[in-house]
Amino acid sequence: MPKAILTDIEGTTSSISFVKDVLFPYARRALPRYVAAHGREPAVRKWLDAVATENGGLCEDAMIVEVLQGWIDEDRKHTALKALQGMVWADGYRNADFSAHIYPDAAPALRAWHAAGLPLYVYSSGSVPAQRLFFGHSDAGDLTPLFSGWFDTEMGGKREAGSYTRIAEAIGLAPADILFLTDVVEEADAAREAGMDTVLIDRLQDYPQPREGEATHGHVRATGFDQVRV
Ligand SMILES: CSCCC(=O)C(=O)COP(=O)(O)O
Ligand SMILES: [Mg+2]
């Protein structure tokens with residue numbers, strides 16, 4: 001039995017379509033105005049400068065925004081992009097332009113595990129502030145009190161075993177005591193390499209052709225949180 005659960009967001013607690021068809025287009029549209037309004041604030045500038053440096057020293061914010069929009073189109077999980085997206089989405093949640101999608105089986109399971117005393121953690125490519133906004137404005141209400149901690153790519157990439165080792169250390173448990181839930185086989189592979197237990201979440205809505213047999217790399221598979229046994 002796990003002593004803690006670590007969960008991914010996109011494709012796991014929530015639909016890929018909400019992220020790709022609602023959140024990403026919103027950020028793409030809102031970025032130019034957001035950068036024009038806030039680009040001189042140190043917390044924003046830091047990430048814009050990181051993008052500029054990584055792209056040969058871009059000197060105009062409009063060019064940096066274009067790079068960021070290209071990364072959104074490619075679904076790059078870049079820490080700077082994710083931090084800036086989180087800042088932009090804050091306006092969207094505040095204005096109730098959208099609320100975060102949660103699968104109907106996910107919220108009850110998270111509540112039940114929390115009520116049973118299992119600490120819950122998030123590990124997503126979305127920045128920690130974006131994760132808090134997401135679960136704070138979900139279709140199932142404010143779920144943030146259920147979580148004991150939040151991790152993003154500042155811990156390392158989600159396909160690298162070292163990230164899961166660092167997360168286990170930060171949680172204060174052996175990796176073997178943590179169950180990681182994700183929709184991405186390579187993420188589950190990395191978590192298993194670090195010693196965590198894994199369940200591959202294979203939702204029909206997100207993966208119309210469920211991964212089976214060899215494609216699951218031997219991970220336990222569930223089509224929803226109601227099938228996850230803890
Ligand atoms: C929590 S913010 C929206 C999700 C996001 O930006 C993203 O890239 C999701 O990636 P995940 O690691 O949760 O699959
Ligand atoms: Mg995912």
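This structure is a prediction, so every number in the text was calculated from the model and none was measured.
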Atom [atom1] of [X] and atom [atom2] of [Y]: how far apart are they, to the nearest 0.5 Å?
| X | Y | atom1 | atom2 | value |
| --- | --- | --- | --- | --- |
| Ile102 | Phe225 | CD1 | CZ | 8.5 Å |
| Leu118 | Lys3 | CG | NZ | 11.5 Å |
| Ile167 | Tyr123 | CD1 | OH | 4.5 Å |
| His78 | Trp47 | NE2 | CH2 | 9.0 Å |
| Arg111 | Leu120 | CZ | CG | 12.0 Å |
| Glu66 | Asp61 | CD | CG | 12.0 Å |

Self-check item: Asp183/Arg211 ion pair, N-O < 4.0 Å
Solution: no

Quiz item: Do the charged groups of Asp105 and Arg203 touch, with an N to O distance under 4.0 Å?
Solution: yes

Mind listing the closest non-hydrogen atom pair of [X] and [Y] along with its distance?
| X | Y | value |
| --- | --- | --- |
| Val65 | Pro32 | CG1-CG, 4.0 Å |
| Glu41 | Ala37 | OE2-O, 4.3 Å |
| Gly213 | Thr216 | O-OG1, 2.8 Å |
| Pro119 | Ser148 | CB-OG, 3.8 Å |
| Tyr34 | Val88 | CG-CG2, 3.7 Å |
| Phe180 | Thr7 | CE1-C, 4.4 Å |

Taking the side chain as every heavy atom from C-beta outward, state whether [X] and [Y] have any atom pair closer than 4.5 Å.
| X | Y | answer |
| --- | --- | --- |
| Arg159 | Lys77 | no |
| Val228 | Leu179 | yes |
| Leu31 | Ile72 | yes |
| Asp8 | Lys158 | yes |
| Phe151 | Gln131 | no |

Check whether [X] reaches the backbone of [Y] with its side chain - one donor and one acceptor, N or O, closer than 3.5 Å.
| X | Y | result |
| --- | --- | --- |
| Ser163 | Gly157 | yes |
| Asp206 | Ile16 | yes |
| Asn95 | Asp97 | no |
| Trp89 | Ala130 | no |
| Arg166 | Met155 | yes |
| Arg45 | Gly39 | yes |
| Lys82 | Ser124 | no |
| Gln85 | Phe24 | no |

Should [X] and [Y] be counted in the same cluster of Ile, Leu, Val, Met, Phe, Trp and Tyr side chains packed under 4.5 Å apart?
| X | Y | result |
| --- | --- | --- |
| Met63 | Leu81 | yes |
| Val220 | Leu200 | no |
| Leu146 | Ile201 | yes |
| Val184 | Ile178 | no |
| Val128 | Leu110 | yes |

Self-check item: side-chain contact (heavy atoms from CB on, under 4.5 Å) between Ile64 and Val35, worked out
Solution: CA-CA 9 Å; Ile64 298 171; Val35 168; over 6 Å; no

Quiz item: Is the count of non-hydrogen atoms from other residues, nucleotides or ligands lying under 6.0 Å from Arg76 atom CZ greater than 12?
Solution: yes

Quiz prompt | Within 6.0 Å of CD in Glu74, more than 12 heavy atoms from elsewhere | solution = yes

Exercise. Indicate whether the side chain of Thr79 and that of Thr153 have a donor and an acceptor atom separated by less than 3.5 Å.
Key: yes

Quiz item: Does any donor atom in the side chain of Asp139 or Ser99 lie under 3.5 Å from an acceptor atom in the other side chain?
Solution: yes

Exercise. For the residue pair Phe18 and Phe134, categorise the inter-ring angle as parallel (less than 30°), tilted (30 to 60°) or perpendicular (more than 60°).
Key: perpendicular

Exercise. Quick one: sort the Tyr103 and His101 rings into parallel, tilted or perpendicular, breaks at 30° and 60°.
Key: perpendicular

Quiz item: Does the ring center of Tyr93 lie less than 6.0 Å from the ring center of Phe98?
Solution: yes

Quiz item: Centres of the His137 and Phe135 rings: under 6.0 Å?
Solution: no

Practice problem: Report the residues that fulfil ring-ring contact (aromatic ring centres under 6.0 Å, His included) with His114, sequence neighbours left out, ordered by chain and then residue number. | Solution: none

Self-check item: Residue pair Glu193, Asp189: steps toward the side-chain contact (heavy atoms from CB on, under 4.5 Å) verdict
Solution: CA-CA 6 Å; Glu193 196 184 324; Asp189 289 347; over 6 Å; no

